[in-house]
> 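Take this structure first; my questions come after.
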Amino acid sequence: LALAKHRRALQHAQLQFRQRRVKKIYQKFVAGVWPEKLTTVQLRLQRYETSWGERRVRVDSHGQQARTDFAVLERAGSLATWLQASLHTGRTHQIRVHASSQQHAILGDDKYAPQEAGALPAGLAAVPVERLCLHASKLEIPREQGALRVSTPLGPDLQRVWQLLRLAAGD
């Protein structure tokens, strides 16, 4: 969440977002072993509405262009991978859909994680995940007097989930 104290600052920040000059970095935990060589997912995304009225997003050739870069930060055996995700576009649920499209759903994702039995590594059931394991870690907004850079470490709840994943994986 970014707030502006003055209208001029707000308008400048909005322009930076529209022109895709804002850098947004996220950290996330995904199911399974994310391949080291999979560093970019560039798939078109389309919004749609479910039959019960919920808005969702899917990969669709008629959707808007979306690109996410990924870097592996750490692994918990074969159970999970801790990733950094850098957005080049800012589509709704982009990181979640791009991760799921590669068969590596974000842990705790109740919208885009596969629901069928056996879709996730068996050891994950032993780790209590109470929320989406996605964390906005860095934001950089260009300004006339130098970029505004904000960063925040993982919260204690996600740190605990990662510790439990490593224990479950035998690391």
Side-chain angles (χ1 to χ4, degrees), residues 1-4 7 9-75 80-116 119-120 124 129-143 147-155 157-158 161-162:
L1 176 64
L3 302 173
R7 183 159 180 75
L10 171 64
Q11 290 172 330
H12 178 76
Q14 288 172 328
L15 178 64
Q16 301 310 302
F17 275 98
R18 275 194 307 275
Q19 294 179 344
R20 294 195 178 120
R21 292 183 181 158
V22 175
K23 293 181 183 175
K24 298 170 274 187
I25 309 286
Y26 294 80
Q27 293 183 31
K28 63 182 184 162
F29 306 152
V30 298
V33 178
W34 186 276
E36 286 282 346
K37 292 183 179 182
L38 182 55
T39 58
T40 299
V41 175
Q42 193 162 331
L43 296 168
R44 292 181 173 276
L45 301 178
Q46 173 134 34
R47 286 190 247 182
Y48 70 99
E49 194 171 297
T50 65
S51 60
W52 56 92
E54 184 179 16
R55 285 183 270 173
R56 295 226 179 156
V57 177
R58 65 180 161 225
V59 173
D60 188 298
S61 61
H62 299 293
Q64 293 182 301
Q65 186 63 34
R67 176 181 166 194
T68 310
D69 290 341
F70 296 100
V72 173
L73 299 177
E74 195 174 326
R75 295 188 195 287
T81 306
W82 182 348
L83 292 173
Q84 176 175 291
S86 303
L87 293 177
H88 291 270
T89 50
R91 309 290 178 222
T92 301
H93 297 175
Q94 177 177 327
I95 295 172
R96 296 166 74 175
V97 176
H98 275 174
S100 186
S101 75
Q102 303 304 305
Q103 287 70 53
H104 294 282
I106 298 175
L107 300 183
D109 193 341
D110 61 352
K111 288 185 187 286
Y112 300 106
Q115 301 300 316
E116 57 274 2
L120 300 174
L124 285 178
V129 175
E130 297 176 3
R131 72 171 187 92
L132 182 67
C133 293
L134 178 64
H135 171 72
S137 60
K138 293 181 185 175
L139 178 70
E140 184 176 308
I141 303 173
R143 299 182 307 168
L148 170 66
R149 291 182 181 90
V150 180
S151 64
T152 181
L154 286 180
D157 58 339
L158 289 181
V161 167
W162 190 252

> Please report the closest heavy-atom contact between Val41 and Ser101, naming both atoms and the distance.
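Answer, listing the atom of Val41 first, then Ser101: CG1-OG, 4.3 Å.
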> Asp60: which residues meet the side-chain hydrogen bond (donor to acceptor under 3.5 Å, both in side chains) condition with it, sequence neighbours left out?
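Asp60: no side-chain hydrogen bond (donor to acceptor under 3.5 Å, both in side chains) contacts found.
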> Which value, rounded to the nearest 0.5 Å, describes the distance between Leu38 atom CG and Leu83 atom CG?
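So the CG of Leu38 and the CG of Leu83 are separated by 9.0 Å.
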> Heavy-atom count check: over 12 atoms from other residues, nucleotides or ligands less than 6.0 Å from Arg55 CZ?
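Counting neighbours around CZ of Arg55, 12 or fewer heavy atoms of other residues, nucleotides or ligands fall under 6.0 Å, so no.
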> Partners of Arg18 by side-chain hydrogen bond (donor to acceptor under 3.5 Å, both in side chains), sequence neighbours excluded?
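Testing Arg18 for side-chain hydrogen bond (donor to acceptor under 3.5 Å, both in side chains), a comparison that skips the adjacent residues, returns none.
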> So how far is it from Arg56 CZ to Glu49 CD, rounded to the nearest 0.5 Å?
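So the CZ of Arg56 and the CD of Glu49 are separated by 11.5 Å.
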> Around atom CD of Glu130, are there more than 12 heavy atoms of other residues, nucleotides or ligands at under 6.0 Å?
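No, CD of Glu130 has 12 or fewer neighbouring heavy atoms, counting only those of other groups under 6.0 Å.
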> Sequence neighbours excluded, which residues qualify as salt bridge (Lys or Arg N to Asp or Glu O under 4.0 Å) partners of Arg47?
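None.
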> Who are the side chain to side chain contact (heavy atoms under 4.5 Å, CB included) partners of Leu154, not counting sequence neighbours?
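Partners of Leu154 by the side chain to side chain contact (heavy atoms under 4.5 Å, CB included) criterion, ordered by chain and then number, come out as Gln27, Phe29, Trp82, His135, Leu158, Gln159.
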> Looking only at heavy atoms, what is the nearest atom pair of Gly32 and Thr81, with distance?
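Gly32 and Thr81 have their closest heavy atoms at O-OG1, 2.7 Å.
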> Are any non-hydrogen side-chain atoms of Gln102 and His98 less than 4.5 angstrom apart?
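No, their side chains stay 4.5 Å or more apart.
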> Roughly how far, to the nearest 0.5 Å, is the CG atom of Leu139 from the CG atom of Leu148?
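Reported value, rounded in 0.5 Å steps: 7.0 Å.
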> Please list, chain by chain and in numerical order, all residues satisfying side-chain hydrogen bond (donor to acceptor under 3.5 Å, both in side chains) with Arg131, sequence neighbours excluded.
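Arg131 satisfies side-chain hydrogen bond (donor to acceptor under 3.5 Å, both in side chains) with Asp157 once adjacent residues are dropped.
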> Which heavy atom in Ala31 sits nearest to a heavy atom in His104, and how many Å separate them?
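So the two residues come closest at O-ND1, 2.8 Å.
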> By the ring-ring contact (aromatic ring centres under 6.0 Å, His included) test, which pairs, at least two apart or in different chains, include something from residues 37-72?
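The answer is Trp34-Phe70.
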> Tell me every residue that passes side chain to side chain contact (heavy atoms under 4.5 Å, CB included) with Ala147, counting only those two or more places apart in sequence or in another chain.
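Partners of Ala147 by the side chain to side chain contact (heavy atoms under 4.5 Å, CB included) criterion, ordered by chain and then number, come out as Glu140, Arg149.
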> Do the side chains of Val57 and Arg96 get nearer than 4.5 Å, heavy atoms only?
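Sidechains of Val57 and Arg96: no contact.
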> Quick check: do Lys138 and Ser151 have side-chain heavy atoms less than 4.5 Å from each other?
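Of all side-chain heavy-atom pairs linking Ser151 with Lys138, at least one is under 4.5 Å.
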> Heavy atoms only: give me the nearest Ala80-Leu107 pair and the separation to one decimal.
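Closest approach of Ala80 to Leu107, heavy atoms only: CB-CD1, 4.2 Å.
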> So, for Ala99 and Ile106, which heavy atoms are closest and what is the spacing to 0.1 Å?
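In this case the closest contact between Ala99 and Ile106 is CB-CG1, 4.1 Å.
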> Between side-chain atoms of residues 85-93 and protein atoms elsewhere (two or more places apart, or another chain), which donor-acceptor pairs fall under 3.5 Å?
residue, atom, partner, partner atom, Å
His88, NE2, Asp69, OD2, 2.5
Thr89, OG1, Arg67, N, 3.0
Thr89, OG1, Gln94, OE1, 2.9
Thr89, OG1, Gln94, NE2, 3.2
Arg91, NE, Gln65, O, 2.9
Arg91, NH2, Gln65, O, 3.0
His93, ND1, Tyr112, OH, 2.8

> Check the pair Asp109, Ser100 against side-chain contact (heavy atoms from CB on, under 4.5 Å), reporting the backbone distance first and the verdict last.
CA-CA 9 Å; Asp109 193 341; Ser100 186; 5.9 Å; no
> Could I get the full list of side-chain hydrogen bond (donor to acceptor under 3.5 Å, both in side chains) partners for Gln19, not counting sequence neighbours?
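Arg21.
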> Before you tell me yes or no, could you show the steps for Leu45 and Val59 under side-chain contact (heavy atoms from CB on, under 4.5 Å), namely the whole-Å CA-CA distance, both residues' side-chain angles and the distance that decides it to 0.1 Å?
CA-CA 5 Å; Leu45 301 178; Val59 173; 4.0 Å; yes
